[in-house]
Student: 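Sharing a structure here in structure tokens format.
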Protein chains: 2
Amino acid sequence: MLSFLYTGLMNAPRTARERARAELTREILATARRQLGEVGAPGLSLRSVARDLGMASSAVYRYFASRDELLTALLIESYNEVGEAAEGADRPKAVPENRWIGVWNGVRNWALANRHEYALLFGTPVPGYAAPHLTTEIAARMPLTLARIVADAKRGNGLRPYTGPECDPSAIDPAMLVLLEEGAFTVEETARLILAWNRLVGIIGYELHGHLNNVTADDAAFFDYAARAEGANLGLAFD
Amino acid sequence: MLSFLYTGLMNAPRTARERARAELTREILATARRQLGEVGAPGLSLRSVARDLGMASSAVYRYFASRDELLTALLIESYNEVGEAAEGADRPKAVPENRWIGVWNGVRNWALANRHEYALLFGTPVPGYAAPHLTTEIAARMPLTLARIVADAKRGNGLRPYTGPECDPSAIDPAMLVLLEEGAFTVEETARLILAWNRLVGIIGYELHGHLNNVTADDAAFFDYAARAEGANLGLAFD
DNA sequence: GAGGATGCAAGAGCGGTGCTCTCGTTTCTG
DNA sequence: CAGAAACGAGAGCACCGCTCTTGCATCCTC
């Protein structure tokens, strides 16, 4: 399971063989990533990756046990990238409202530049392929960035009071309350944070998949509206 | 283009051959639909459909020009079904708040019972496959059901005032204002309706694709919360 | 340093896919 | 009734994921 993680890439290579193995593993990953960006996950073929590298397709199986494992490697890589995009777009010294908009746009910009990678992360999972459990903590980087901003706002000037419908506490997994900024949030706030994260991912997917064609005229402006509306729903003070 | 629409199924069959053609077209579609429900769109194979029907794979091409065209037929079928599910769940004589919740749950229930069909409609599009323009009006049935409820509420007791961020009017396609209940809504309301539709589809997709694992504890309760929150955002009067 | 164990690349092969072409046969139509 | 059109079946092409065998290079140990 996930053989590529434990040979060559993680441990420092000792022998020439291990060095060559790590090198080739990286090359395979790089070519696969390039092809993913061009033709998308369904079109990614282990054989064509092998062709690009001038090697027999069977040889690739020494590095990745299956096409799914290769896809998992790209999944991890992409999760880290979108996490970095979110964290990198955050300006901790700015006011929470601007940080919020910045992170939303950061994620959107990464998605626009990496459409197929985004689809791999947040799109329809390929039937028969279950993402390994390991990825959940990497996947949390992006939503945690959002949570941090709201937590900072709460600790700072406070959040505006919420007057909308209430969420049944049993709906939320108790572990989430702990995970998000170590209990800085109420159940109600946690529920709205989950919704906000869900909506950020959803609206970008809509834009990317063409579902907003003939619906919106200016996708960036509509996205900005969604970002502000979502931030306001959490108690951030826009306008 | 879309040959299956114009032979046999639409026009009334006149000769025995045309009748047989319409019959076989329906059988192909039915087995394809069954396989779609079992293995999902990526696993749907024209050859295996032919095998199930005891015919040569090449014969199927006389009825559907390509796998994509077969998928398009299933797409249209599914769009109509989810539209019917939404419309069928609406109780026009009930109060708008209950109608709203009912339609949301109607769509969710259809999605839970037809996961792969839902993924085909709202999931990641297969690269290289563009849904034909024809489907857009069929696709509008579900969001229009939502719009109708809000429009009725607006004409009735009115909507609660909205105090959140405003949407740049240029973000919305002007045609949408006309499409939605023939101009019953302001730009602001239209923007929130689009968001609500987007969020309904998004949260169901999240639940279906397992992204809510370890996040929510009771998916139905969380969905109910999302439905109420979204209705309230549009000015419906919950609680 | 020699020799056995291990890692590795390549090729052939299996069963699957979408799709095309040809070749008889059936069915409709003028 | 004869020509035209539609049809089913089969072979074939190029691709896919994946497995197995074969021969060679490298590494480790004695």
Side-chain angles (χ1 to χ4, degrees), chain A residues 1 3-4 6-9 11-28 31-32 35-36 38-74 126-129, chain B residues 1 3-4 6-9 11-28 31-32 35-36 38-74 126-129:
Chain A
M1 187 69 175
S3 54
F4 64 92
Y6 307 110
T7 56
L9 278 190
N11 314 334
R14 312 173 73 84
T15 70
R17 181 133 72 184
E18 282 187 3
R19 204 155 0 100
R21 180 179 185 84
E23 175 68 18
L24 229 177
T25 305
R26 268 189 294 268
E27 277 184 30
I28 292 173
T31 352
Q35 289 199 5
L36 171 65
E38 289 167 2
V39 295
L44 177 65
S45 138
L46 210 142
R47 285 179 112 114
S48 76
V49 170
R51 262 198 305 276
D52 271 21
L53 265 56
M55 63 198 296
S57 67
S58 56
V60 179
Y61 283 86
R62 296 232 172 245
Y63 298 85
F64 295 89
S66 67
R67 198 194 94 112
D68 278 0
E69 200 176 285
L70 183 54
L71 231 44
T72 299
L74 294 174
V126 179
Y129 170 69
Chain B
M1 190 69 177
S3 55
F4 64 94
Y6 306 109
T7 56
L9 277 190
N11 314 335
R14 312 173 74 82
T15 71
R17 181 136 66 188
E18 280 187 3
R19 207 160 350 103
R21 181 179 184 82
E23 176 68 17
L24 229 177
T25 305
R26 268 188 295 267
E27 278 185 30
I28 293 173
T31 44
Q35 289 198 7
L36 171 65
E38 288 166 3
V39 297
L44 176 65
S45 139
L46 210 142
R47 286 179 107 114
S48 74
V49 170
R51 263 196 306 275
D52 272 20
L53 265 55
M55 61 198 298
S57 67
S58 56
V60 180
Y61 283 87
R62 298 235 178 246
Y63 298 84
F64 294 89
S66 68
R67 197 192 96 110
D68 279 359
E69 199 177 285
L70 183 55
L71 230 45
T72 298
L74 294 173
V126 179
Y129 170 69

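The chains referred to below are lettered A, B, ... by the order of the sequence lines, with proteins before strands, and numbering in each begins at 1.
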Student: Could you tell me the separation between the CD1 atom of A/Ile28 and the CD atom of A/Glu23, rounded to the nearest 0.5 Å?
Tutor: 10.5 Å
Student: CG/B/Asp52 to CD/B/Gln35 distance, rounded to the nearest 0.5 angstrom?
Tutor: 5.0 Å
Student: What integer distance in Å separates B/Glu18:CD from D/dC7:C1'?
Tutor: 14 Å
Student: So which one's nearest nucleotide on DNA chain D is more toward 5', B/Ala56 or A/Ser66?
Tutor: B/Ala56
Student: For A/Ala20, answer base if it contacts any base atom (sugar-phosphate contacts may also be present), sugar-phosphate if it contacts only those atoms, and nothing otherwise; contact means non-hydrogen atoms under 4.0 Å.
Tutor: nothing
Student: Within this structure, what is the CZ-to-C1' distance between B/Arg67 and C/dT20, rounded to whole angstrom?
Tutor: 18 Å
Student: What verdict does the side-chain contact (heavy atoms from CB on, under 4.5 Å) test give for A/Arg62 and A/Leu24, after you've listed the backbone C-alpha separation in whole Å, the side-chain angles of each residue and the deciding distance to 0.1 Å?
Tutor: CA-CA 11 Å; A/Arg62 296 232 172 245; A/Leu24 229 177; over 6 Å; no
Student: Within this structure, what is the CZ-to-P distance between A/Arg21 and D/dC27, rounded to whole angstrom?
Tutor: 13 Å
Student: Between atom CZ of A/Arg21 and atom OG1 of A/Thr15, what is the distance when rounded to the nearest 0.5 Å?
Tutor: 10.5 Å
Student: Could you state the CG-P distance from A/Leu70 to D/dC16, rounded to the nearest angstrom?
Tutor: 13 Å
Student: Distance check needed: C/dG7 C1' versus A/Arg19 CZ, whole Å only.
Tutor: 16 Å
Student: Give me the one residue out of A/Leu71, A/Thr25, A/Thr72 that meets side-chain contact (heavy atoms from CB on, under 4.5 Å) with A/Phe64.
Tutor: A/Thr25
Student: Can you check whether A/Tyr63 has a side-chain N or O nearer than 4.0 Å to OP1 or OP2 of C/dA9?
Tutor: yes
Student: Report yes if a donor N or O on one partner sits less than 3.5 Å from an acceptor N or O on the other, where the partners are the side chain of B/Arg62 and the base of D/dG8; otherwise report no.
Tutor: yes
Student: For A/Arg17, answer base if it contacts any base atom (sugar-phosphate contacts may also be present), sugar-phosphate if it contacts only those atoms, and nothing otherwise; contact means non-hydrogen atoms under 4.0 Å.
Tutor: base
Student: Would you mind reading off the distance between A/Phe64 atom CZ and C/dC8 atom P, rounded to a whole angstrom?
Tutor: 13 Å
Student: Rounding to an integer number of Å, can you tell me how far A/Tyr61 OH sits from D/dC16 P?
Tutor: 10 Å
Student: Passes side-chain contact (heavy atoms from CB on, under 4.5 Å), A/Leu74 versus A/Leu44? Steps please.
Tutor: CA-CA 11 Å; A/Leu74 294 174; A/Leu44 177 65; 3.7 Å; yes
Student: If I take atom CE in residue B/Met55 and atom C1' in nucleotide D/dA6, what distance separates them, rounded to the nearest angstrom?
Tutor: 13 Å
Student: Minimum heavy-atom separation for B/Ala50 to B/Ser57, with atom names?
Tutor: CB-CA, 3.6 Å
Student: Tabulate protein N/O versus nucleotide N/O from nucleotides 11-15 of chain D, keeping only pairs under 3.5 Å, one per line.
Tutor:
none

Student: So A/Leu24, base contact, sugar-phosphate only, or nothing? Heavy-atom distance under 4.0 Å.
Tutor: sugar-phosphate
